[in-house]
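Have a look at the structure below, then the notes.
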Amino acid sequence: MSMNEFLTDEKIDTAALEASVMRPSDGALAIFSGLVRNHHAGLDVESILYEAYRPMAESEIGKIVTAVGERYPDVRIAVKHRLGLLRVGEASIVIACSSPHRADAFAACREMIDRIKETVPIWKKERTTQGETWIGWQG
Amino acid sequence: MSMNEFLTDEKIDTAALEASVMRPSDGALAIFSGLVRNHHAGLDVESILYEAYRPMAESEIGKIVTAVGERYPDVRIAVKHRLGLLRVGEASIVIACSSPHRADAFAACREMIDRIKETVPIWKKERTTQGETWIGWQG
Amino acid sequence: MTSNTQETQEQMIRVRLLLFAVLRDIAGSGETDLVLRIGSTAGDVWQLLRERYPELEGYGAPPMTAINMEYVPPDTLLREGDELAFIPPVSGG
Amino acid sequence: MTSNTQETQEQMIRVRLLLFAVLRDIAGSGETDLVLRIGSTAGDVWQLLRERYPELEGYGAPPMTAINMEYVPPDTLLREGDELAFIPPVSGG
């Protein structure tokens, strides 16, 4: 596991991710981008700060790539999650899944984002017009 | 219906498609690209020629965009299908679906490509090492 | 595919036939102007094509049929000025 | 959070505690070295945190717990040199 395989502090280079998965045998490429929205829970969002337990987040994303790759052996998967301060409209995550056939590419891409949102130790703090809040903590 | 809303003879500009659908309220962007594969039915594919009944193809894609948009009212949809001679690895179609939430973006993107493959009058002729064949015709 | 010159113009309609992809290759031409008897259907034109082009003999039923860029059943009556297209199985995407 | 200096070093273990996001903000620090009795569990450390930080009082059960970057149940025994992290509900993606 490289320390910077799946996490980045820079704008995500979607074209590079795509190029890293596409093979001549692929007929389908599914890309998912998570974007910073301008609203959440009725509030106007100005920006989001993403923070991670970095080595564990790298490890957990790696496990998910492996697990989803085993379920869809024809699919090649790449993923980058951005950390730091993001503005509305910027991508926090991009997942690229290429496959000979589209059903697997879509399914793998969907499973990737669903699992990443469940277990990877990354947190976001929203800055809204009402102040700053860590999302997910009910304290 | 513009004559060149959904069809193009040029390389598809995915970034422009993305930009055309993304709104500040969107948290998810799903992109599907159909790629020319290097194999089909056991043969090595060198290139594919795409041909369309152009005005009807524009009309049919427009109907699909409308129908899928009605099923997923929060999703904004853009699509381009390329015509002419394409090489292995090039994109024949790109569909971009943005939405506040990812489930709708994925579902709309998947329905778009499934429906386009069913009814839009576009045909491909594969050039393989064994010669040229129109795909789909069992004559 | 040709007009019957014995009949009067009032009993005839003009239809533009479009053929694509494998059908155009078989017919050698993508666009043909037809003069047909009133009452002719899209399916009747398909039968004319089958009689002219032996490659189509195996296809009793027409492929998908469009009139004026809308899919229609093959028994749809043709009208003056219609644009008729036979749509081989599509393979876009 | 502090060692009991009455006990010998042999009965104690050193553990590095990592806190993230809202937990770090509450604790005021993201990394703390703990000296704990042998036999301490991750859950025991969570109870220490609750006693020290009133903001955590409502949370009897710890959030997700990781030792050496692997999720574990809260009753997992800590060992010398472990890296312990409490993982508030994640919100990545």
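In the text below, chain A, chain B and the rest are named by the order of the sequence lines, each starting its count at 1.
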Top of B:I93, B:I113, B:T133, B:I48 for chain C proximity - count of heavy-atom pairs under 4.5 angstrom: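 Result: the option with the highest number of such pairs is B:I93.
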Most chain C-contacting option - heavy-atom pairs closer than 4.5 Å, from B:I116, B:I135, B:V79: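 Between B:I116, B:I135, B:V79, the count favours B:I135.
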Quick check on [X]: does its [atom1] atom have over 12 non-hydrogen neighbours (other residues, nucleotides or ligands) under 6.0 Å away?
{"X": "C:R79", "atom1": "CZ", "answer": "no"}
{"X": "B:R87", "atom1": "CZ", "answer": "no"}
{"X": "C:E80", "atom1": "CD", "answer": "yes"}

Less than 4.5 Å apart, any side-chain heavy atom of [X] and any of [Y]?
{"X": "B:W123", "Y": "C:V22", "answer": "no"}
{"X": "C:Y71", "Y": "B:P121", "answer": "yes"}
{"X": "C:M69", "Y": "B:E58", "answer": "no"}
{"X": "C:M64", "Y": "B:T119", "answer": "no"}

Chain B contact via C:L18 - which portion, at a heavy-atom distance below 4.5 Å: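 The side chain, not the backbone.
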What's the separation between atom [atom1] in [X] and atom [atom2] in [Y], rounded to the nearest 0.5 Å?
{"X": "B:K117", "Y": "C:S91", "atom1": "NZ", "atom2": "OG", "result": "8.5 Å"}
{"X": "B:W134", "Y": "C:F20", "atom1": "CH2", "atom2": "CZ", "result": "10.5 Å"}
{"X": "B:E51", "Y": "C:D25", "atom1": "CD", "atom2": "CG", "result": "7.5 Å"}

Looking at every heavy atom in both [X] and [Y], which two are closest together, and how far apart are they?
{"X": "B:Y53", "Y": "C:A85", "value": "CE2-CB, 3.5 Å"}
{"X": "B:G136", "Y": "C:P89", "value": "O-CG, 3.2 Å"}
{"X": "B:E118", "Y": "C:V90", "value": "O-CG2, 3.4 Å"}
{"X": "B:S92", "Y": "C:G93", "value": "OG-O, 3.0 Å"}

Interchain contact, B:A52 with chain C, by part (heavy-atom threshold 4.5 Å):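 Just the backbone, heavy atoms under 4.5 Å.
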